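Working notes for the structure below.
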Amino acid sequence: MNSFDKISVKEIVDEVSDGCLLGIPADYSGVPMQFTKELIKKGIKNLRLYCLPLTTIQGDMLIGSGCVSEIEAAAVTLGEFGLASRFSEAIEQNILLMKDSTCPALHAQLQATEKSVPFMPLRGVIGSDIQKHRKDWCIIPNPMNSSGIKDEPILLLPAVQLDIFVFHAACSDRNGNIQIGRRRELATLAHASKKVFVTVEKIIDEDFFENELSAATCLPALYVDGIAVAKNGAWPCALPGAYKADNNEIKNYSIAAKTKDGFNQYMKLLLSK
Amino acid sequence: MNSFDKISVKEIVDEVSDGCLLGIPADYSGVPMQFTKELIKKGIKNLRLYCLPLTTIQGDMLIGSGCVSEIEAAAVTLGEFGLASRFSEAIEQNILLMKDSTCPALHAQLQATEKSVPFMPLRGVIGSDIQKHRKDWCIIPNPMNSSGIKDEPILLLPAVQLDIFVFHAACSDRNGNIQIGRRRELATLAHASKKVFVTVEKIIDEDFFENELSAATCLPALYVDGIAVAKNGAWPCALPGAYKADNNEIKNYSIAAKTKDGFNQYMKLLLSK
Amino acid sequence: MELNIKREELLISQLADLLVNDKHVAVGAASPIPGAAALLAKEEAKIKNKRLRVTILHSNKYNNFTDGARELFDCAAQGRIDTFFLGGVQIDGQANINLVGIGKYPKLNKRFPGSFGSALMYFVVPQIILFREEHSPRTLVNRVDFISAPGVSEDNIYRPGGPKYLLTNRALFKFNKNDKKFLLSRLNHNETIETITNLTEFNFDVDKNISEMIDPDNERIHILRKYIAPMVSEFYPEFAKRIWDV
Amino acid sequence: MELNIKREELLISQLADLLVNDKHVAVGAASPIPGAAALLAKEEAKIKNKRLRVTILHSNKYNNFTDGARELFDCAAQGRIDTFFLGGVQIDGQANINLVGIGKYPKLNKRFPGSFGSALMYFVVPQIILFREEHSPRTLVNRVDFISAPGVSEDNIYRPGGPKYLLTNRALFKFNKNDKKFLLSRLNHNETIETITNLTEFNFDVDKNISEMIDPDNERIHILRKYIAPMVSEFYPEFAKRIWDV
C-alpha cells in the first residue's frame, strides 16, 4: 500500500460539496488555481469561503462565477491591480454575505480548532465595527486575576473547523509529505480542516524525513487525504520559491472583471482552455 | 554594526539574576549544559524553572546545587536512567516548590504570551489533582454558545512570560539566525521570553534566509539577545541532528546523584574541569 | 515446530491485536513493548494492504511531526490519534492513574517524574491502553494517591477519549466506562482468576468469556523477529538486545 | 549644488525621521514609500553603528519571519515591533480608520478590500504612522463610515500602541492621545494652514512650532538613490522605475 493517495484534480473537486466551508490560502501560500477552475466548471454552489487571511483572484473568480454565498476574510483584493471587482459588486448588490474579520482573528479561530478548544481570546479589535457586527464573537470580563488591567473586557472568538482545505505546493515526497517551507499557516489550515487535499508541481522520490532540516519544511502526510499533480497549478498566482505571479494575466483579469460581461467572457475563454 | 551580539557563555550567565524565571528546554531540544555549569559555578539562587515540558539532568543538577526554589514542569526525570534523585529528594524533604503541570498546559501558557492574551483555554485536565492544586488556573462556564456541550466547564491557564531563556543549538548564520529545525517549541519559548540567549556549536558564514527552505529551519535573529559559541555545549545531553547523548556519563551521573554526597563529589569534579 | 515465545513477545502480540482497526497509533517515551506492538501492527496492516501510521516520540525516524513538541497534543486533540499508551506508578479500579508520587500530595514520601501529557491525552484519544508490567497490590491499587488523569469524567466534560484496556504481565482487562470498572478478560499462562484477585487491590468484574492470552502464531513471530526487532533496536537498543539479541 | 527632490523622496525622508529610535520596523503590503523609508532608516542607523531591523511583508529577502503569516501579529503583540504603517480609505479626526467601504455597513455603496490586520496592529504597536497620500475632504473625514480600528480606546482596554503621526502628501500631523485630536505640525512646500484646513474635513489643532517639511540633505538623497532605490526595485519594481528609473 502506498503511504498516500495519489488522485486527480477532478477527484479533489468531487470531494467538495455545495454549501461546504472551504479553506482559502493567501496569495503568498500556494493558491490552487487549477483546482479552482475545475471547481467552477463543476458549477459548485453556496460555498462558504474561509480565507487565511485574505484572497485575491481565487476568491474573486469563485464569487463572480456564482459559487459563493458567504465569505469570511480580512480582505479581498487584487493587490497592486486594484479592487476585486466581482467581490465588491457582489457586496454592493447585497448578494454575498461578508463576515468581515481581521487577520489575527482568522488565525486564532483555526488555532482554537487546532487545539480542540471552544474559543480563543484575542487582544485588540474591541471598539471596531468589525467586532460590533460579529454576533458569533463574544466579550467577557477577564476572569484571570493575573492580567493587570482592572475590569478588562476580553474578546473571545469561536473555534472554526473547515470542511475541506485545498492548496497548491511545489512538491511532495514519495510518502506524501508536503513541502511548505516557511508557509506554516498552511499547517494551521490543515490541522483545522476535516479533509485536506493538495495539488503539487511534482512528487519527488525522496523521504523528506530522512533529514532533520528537510523534515522541518514539511506538512506531514498524516494530515493529507489526497495529492494530485497539477503542473503550473497556481497560475496565474505565484508559487513561493518556485515561480512568480503572471502579472500580465492578473492585470488582464483585473480589467476584464471590472464588468460582469467582461468577467464572463474572460472566464469562458479560461475554462475552455 | 554586526547584525547580532556575539558574547561569551559567562556573559550569558551574567544576565541571569537570582529569583528570575528561567526557561528550560526538554532533552530533545538542545540543553545548554555548558551554560548550566557556569550558572552553578556562579552560585545563582532561587531560580524558578519553567520546563517545556520537562527537564532531565539540567534541572536535577541545578536543584541539587541549591540554585532552585521553584519548578513548573510536566516531569523531571533521567529517562531510561531512572528518577532524577536530587529533584525527588528535594520534593520529599519539602525544600522545593513543585508546580505540577501537564505538557499541553505548559505549551499553552507560553502560547498565551506569544499572542499577548491573558489566558488560554485547554480541554482535558479537569478532575485531575494537577488542576485541583493549581490556584493560578481557573475554571469558567463555557461562554461560547457554539461549543455543543451543555454547561461545559472550561479550564483557563494564565499567560506566563519568562524572564530569560537559554538553549543550545547546532549553529547560527552570520546574521544571528538560529537553526532549530523541527524543534519549534524553541520558537515558542523565545517568543514568550523577555531575554533570549543561545549557545551554538558554531557560527556559519551563510545567510539562512537566502533560501526559503533553510529559512524555514530558523529562529529569526530578532528574538535573540546574544549568541555564544560553546563547542559540545549540550554535553552530556544530545544535540538533535548533531550528536547523541553521552549515555555513559548520564548513567554515571544518575548513580552518583542517588545520594547528596555522591552528587557533591560528582559536581566538584565536573566544575573543576 | 514449537517456538519458544518470550513473555515480552506475548505482551507485544496482545497489544498488536488491539491496534488492528487503527489508522494512527502514537507511542510515548520509554515504551519499548508498545513501540514494538505498534510497528508490528503497521507491518501486518501493510500485508493486508491497509495503512497504519505509527508515531514514536523520541525517535526521529518514526516521528511524523514537524510543529514542535506541542503537535502530539494538538494532533491528539484534533482526533487524529486512535490509540495511545499510558502507564502509572499506581492505577486504580476507576482507571485513575498516578504518575506523580506516593503519599499525601504535596508532601510525598516518594516522588516520581510527573504527569507528562496524560492529563490531556487520556481525555482525547479514543483508545487509551494502560500498560504496566508489574501486576501487584502496590501498582493496581484501590485508590491512587494522586490523580494525574482521571479514568472517568462527568457528562458535561468534553471527553471523546479514555481508557479501553489495561495490560499487565499477568492479565488483560477491559475497562467498562458505564460501570467505571475493569473487566478481567485474558489471563497469561499459569495465571488464574484467584492469582489475579490476590495480586490486585481494586475490585474488578470477570468476563464470562475469559480466556488465556493467545500466543502469536508462527507468522507473527517471524515478522516480529525478522523485521520489527531491528527497527526497535534503533530507538530501544538495550531492550532489543535483551529480547532478540540484535 | 541644488538637488531636484521628488515629492516621494520628501515623504520618504519625513517618515525616515520618525524611525530613528526604533529597533524593528515592519511594513505591510503595497507600501513602497514606507518600505523605502524603513530601509533608508536602517542604512542610516548602520552608519551610526546602530541596529535597525526591517520586516517588509510580501518580500522574501526582508521578511524576518519563519512562523507563518501569524508571526507578524504575534510579534507585534509581544511588543517586538516599534513602528508599523496603516492607511485608510477614510481617516477621521479621532484617528479612526476605515478600510472597508463607503456607505452604511453592511449595505455599502462602495466596497474596499477589508481591514487586514489593522484591528490588532493599531492596538499593540507603540508607534503607528498613518500614511495616506491623498489629502482631501473625502479621505480625511469628520467621521469614518466604518471603524476598521479605533484611534483611541477606554482605559480598561489593553492598548500599548496607537496612532502617533498622520502623513499625507501635503502635511504631517501628530496625534494627541489625550485630546483625541490631530495637531498639524509640518507643511509640504506650497501648503498653508489655510489650504490644509480647506482640504481636511475634520478639525485639528495647529502646532505652535509648525514648520515646513525639511528637505533631505545631500547625503540622505545620495543614500536613497544609490543604495535604497535598487533594494526597493526588488519588491516594488514599478515604483522604483517611476521614481528613480532603476
Side-chain angles (χ1 to χ4, degrees), chain A residues 28 104-105 107-109 111-112 114-124 135-149 152-161 170-171 179-184 186-187 208-209 211-220 239-242, chain B residues 28 104-105 107-109 111-112 114-125 135-149 152-161 170-171 179-184 187 208-209 211-220 239-242:
Chain A
Y28 43 74
H107 288 283
Q109 290 180 163
Q111 286 184 283
E114 188 172 58
K115 294 201 159 315
S116 192
V117 292
F119 57 81
M120 286 279 273
L122 185 66
R123 277 308 197 352
K135 303 303 176 199
D136 53 338
W137 294 357
C138 73
I139 292 179
I140 62 167
N142 183 2
M144 190 59 68
N145 294 325
S146 51
S147 97
I149 300 171
E152 186 190 356
I154 294 286
L155 179 65
L156 301 185
L157 315 170
V160 171
Q161 185 171 42
C171 57
Q179 198 168 72
I180 61 169
R182 285 201 269 173
R183 304 275 35 119
R184 300 201 58 79
L186 292 169
F208 293 153
F209 277 79
N211 173 302
E212 278 298 292
L213 296 181
S214 66
T217 68
C218 290
L219 173 71
L239 181 59
Chain B
Y28 43 74
H107 288 283
Q109 291 179 162
Q111 286 184 284
E114 189 172 56
K115 294 199 161 313
S116 191
V117 292
F119 57 81
M120 287 278 274
L122 185 67
R123 278 303 194 359
V125 190
K135 303 302 174 201
D136 53 339
W137 294 358
C138 74
I139 292 179
I140 61 166
N142 183 1
M144 190 59 66
N145 293 327
S146 51
S147 98
I149 300 171
E152 186 190 356
I154 294 287
L155 179 65
L156 302 184
L157 314 170
V160 171
Q161 185 172 43
C171 56
Q179 198 169 72
I180 61 169
R182 282 201 272 173
R183 304 276 35 119
R184 300 201 58 79
F208 292 153
F209 277 79
N211 173 302
E212 278 299 292
L213 295 180
S214 66
T217 69
C218 289
L219 174 71
L239 181 61

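All values derive from a computational prediction rather than experimental measurement. The sequence lines fix the lettering, A, B, ..., with proteins before strands; numbering per chain opens at 1.
The choice from A/Ile180, A/Leu157, A/Ile140, A/Leu156 that makes the most heavy-atom pairs within less than 4.5 Å of chain B is A/Leu156. Heavy-atom pairs under 4.5 Å with chain B were tallied for A/Gly241, A/Pro121, A/Ser214; the largest tally goes to A/Pro121. Ranked by non-hydrogen atom pairs under 4.5 Å with chain A, the options B/Gly124, B/Ala215, B/Pro240 are led by B/Ala215. Heavy-atom pairs under 4.5 Å with chain A were tallied for B/His107, B/Arg184, B/Gln111, B/Met120; the largest tally goes to B/Arg184. The candidate with the highest count of non-hydrogen atom pairs below 4.5 Å against chain B, out of A/Gly181, A/Pro104, A/Ser116, is A/Ser116.
Here the closest heavy-atom approach between residue A/Leu122 and residue B/Val117 is recorded as CA-CG1, 3.7 Å.
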Problem - Residues B/Leu213, A/Gln179; criterion side-chain contact (heavy atoms from CB on, under 4.5 Å); working and verdict - result: CA-CA 9 Å; B/Leu213 295 180; A/Gln179 198 168 72; 3.6 Å; yes
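Heavy-atom distances place no part of B/Arg183 under 4.5 Å from chain A, backbone and side chain included.
Side-chain contact between B/Pro118 and A/Pro143: absent, with no pair of heavy atoms (C-beta onward) separated by less than 4.5 Å.
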